[in-house]
Amino acid sequence: MVDFPALATSRLTLREIVESDAENILRIHGDAEHMRWFGSDPIGDLDGAAKLVATFASWRKEPVSGARWAVELRDQPGLIGTCGLFRWNRNWRSCTIGYEIAPAHQGRGYVKEALKAIITWGFRELQLNRIEAQVHPDNTASLALLETLGFLQEGRQREAGYWAGRHHDLLQYALLNAQWSTANAVSPFAAADGFAHR
């Protein structure tokens with residue numbers, strides 16, 4: 001993965017997160033109530049958002065540990081959320097998945113559409129065998145989303161997370177390449193069929 005793997009779906013563009021996205025990142029990650037299950041404390045200012053953008057960008061540096069995409073509507077540029085594959089273990093052929101979207105864009109299927117694209121990309125391009133997710137037990141929307149994508153719960157990690165001043169249990173989910181149904185798999189595209197790299 002030398003060039004950033006820009007992808008697109010029928011409604012979305014998935015592209016590299018850049019410095020100019022910091023304001024939209026702050027709008028999402030600065031909302032304490034909306035981000036209560038994200039796994040970290042909310043961002044307090046634009047400087048904090050810029051640092052998060054830099055963190056996401058650092059995943060692309062050697063040794064590559066993953067990729068985080070900006071999610072935007074194809075007909076309306078501007079970041080509305082992010083999603084990514086990180087903690088890439090080349091030897092084990094595994095990654096962890098993460099995602100969030102602005103409250104105004106929830107409930108429209110955008111996250112599911114974006115995740116289908118990056119899951120398909122991960123299995124095909126990174127030759128992953130396993131994609132993991134850790135989710136707070138009270139995050140019912142995220143749990144339901146993962147299950148619709150075929151992720152299976154494997155157990156409970158006791159007090160595995162720490163944010164908002166206390167420890168949190170997390171539910172461990174995973175999806176295997178062999179279980180990724182052709183019904184879920186999509187072919188991300190950009191200007192033409194196939195994967196777009198820039």
Side-chain angles (χ1 to χ4, degrees), residues 1-29 34-35 38-39 49-50 52-61 64-88 94-128 130-133 135 141-142 145-146 148-151 173 175 177 180-198:
M1 295 196 306
V2 177
D3 298 324
F4 192 87
L7 308 174
T9 68
S10 60
R11 298 186 295 171
L12 304 172
T13 297
L14 306 182
R15 58 162 176 80
E16 188 171 11
I17 299 171
V18 295
E19 290 181 8
S20 60
D21 292 318
E23 285 192 18
N24 287 330
I25 290 281
L26 178 60
R27 288 190 188 98
I28 298 171
H29 285 260
H34 178 59
M35 298 300 292
F38 188 72
L52 184 58
V53 169
T55 296
F56 289 153
S58 73
W59 292 358
R60 300 284 306 156
K61 297 176 182 176
V64 175
S65 62
R68 192 85 178 193
W69 286 265
V71 178
E72 65 182 11
L73 302 177
R74 295 193 74 185
D75 59 354
Q76 184 180 336
L79 181 149
I80 65 169
T82 79
C83 60
L85 297 170
F86 58 103
R87 296 180 190 149
W88 179 23
S94 66
C95 267
T96 299
I97 198 167
Y99 45 88
E100 83 283 341
I101 193 166
H105 296 282
Q106 287 183 310
R108 303 180 187 180
Y110 294 141
V111 176
K112 184 176 181 180
E113 187 172 326
L115 294 190
K116 283 184 176 183
I118 69 170
I119 289 169
T120 300
W121 180 83
F123 284 141
R124 289 180 181 173
E125 299 298 301
L126 300 185
Q127 299 182 339
L128 295 175
R130 175 182 170 91
I131 298 176
E132 300 179 352
V135 184
S142 189
L145 170 63
L146 291 174
T148 64
L149 291 169
F151 283 76
Y173 276 75
L175 175 68
N177 191 358
W180 184 235
S181 70
T182 55
N184 272 331
V186 296
S187 295
F189 59 90
D193 291 338
F195 295 100
H197 299 273
R198 61 178 182 142

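Since this is a predicted model, take the numbers as computed values, not measurements.
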| note | Closest heavy-atom pair, Ala70 versus Ile17, reported as atoms and distance to 0.1 Å, is N-CG1, 3.4 Å

| task | Quick one: pull up OG in Ser94 and CD in Glu132 and give me the separation to the nearest 0.5 Å. | result | 5.5 Å

| note | Rounding to 0.5 Å, atoms CG (Asp75) and CG (Leu12) come to a distance of 9.5 Å

| query | Looking at side-chain heavy atoms only, is the closest gap between Leu115 and Phe151 below 4.5 Å? | reply | no

| said: Working to the nearest 0.5 angstrom, can you tell me the gap between Asn177 CG and Ile131 CD1? | reply: 8.0 Å

| Lys116 vs Trp180, side chain to side chain contact (heavy atoms under 4.5 Å, CB included): CA-CA, chis, key distance, verdict | CA-CA 10 Å; Lys116 283 184 176 183; Trp180 184 235; 4.2 Å; yes

| Where do Ser65 and Phe86 land on the side chain to side chain contact (heavy atoms under 4.5 Å, CB included) test, with the steps shown first? | CA-CA 6 Å; Ser65 62; Phe86 58 103; 5.7 Å; no

| request: Measure the CG-CG distance between Leu85 and Leu128 for me, rounded to the nearest 0.5 Å. | output: 6.5 Å

| Is the backbone N or O of Thr9 less than 3.5 Å from a side-chain atom of Glu113, with the two atoms forming a donor-acceptor pair by type? | no

| Under 3.5 Å: donor-acceptor pair, side chain of Thr120, backbone of Ala117 | no

| said: Between Val71 and His105, is there a side-chain heavy-atom distance shorter than 4.5 Å? | reply: no

| field | Nearest heavy atoms of Leu175 and Gly150, plus distance in Å | value | CD1-O, 3.5 Å

| request: Please round to the nearest 0.5 Å and tell me the distance separating atom CZ of Phe123 and atom CD1 of Ile118. | output: 11.0 Å

| Which heavy atom of Cys83 sits nearest a heavy atom of Ala114, and at what distance? | SG-CB, 4.0 Å

| query | Are Arg15 and Leu79 close enough that some pair of their side-chain heavy atoms sits under 4.5 Å apart? | reply | yes

| request: Show your working on side chain to side chain contact (heavy atoms under 4.5 Å, CB included) between Thr82 and Asp21 and close with a plain yes or no. | output: CA-CA 11 Å; Thr82 79; Asp21 292 318; over 6 Å; no

| request: With side chain to side chain contact (heavy atoms under 4.5 Å, CB included) as the test, would you mind laying out the steps for Ile101 and Ile28 before giving the verdict? | output: CA-CA 7 Å; Ile101 193 166; Ile28 298 171; over 6 Å; no

| request: Measure the acute angle between the ring planes of Trp69 and Phe4, then classify it against the limits of 30° and 60° as parallel, tilted or perpendicular. | output: perpendicular

| Which value, rounded to the nearest 0.5 Å, describes the distance between Tyr110 atom OH and Leu73 atom CG? | 5.0 Å

| message | Check this for me, if you would: do Arg68 and Glu100 make a salt bridge, where the nitrogen-to-carboxylate-oxygen distance has to be below 4.0 angstrom? | response | yes

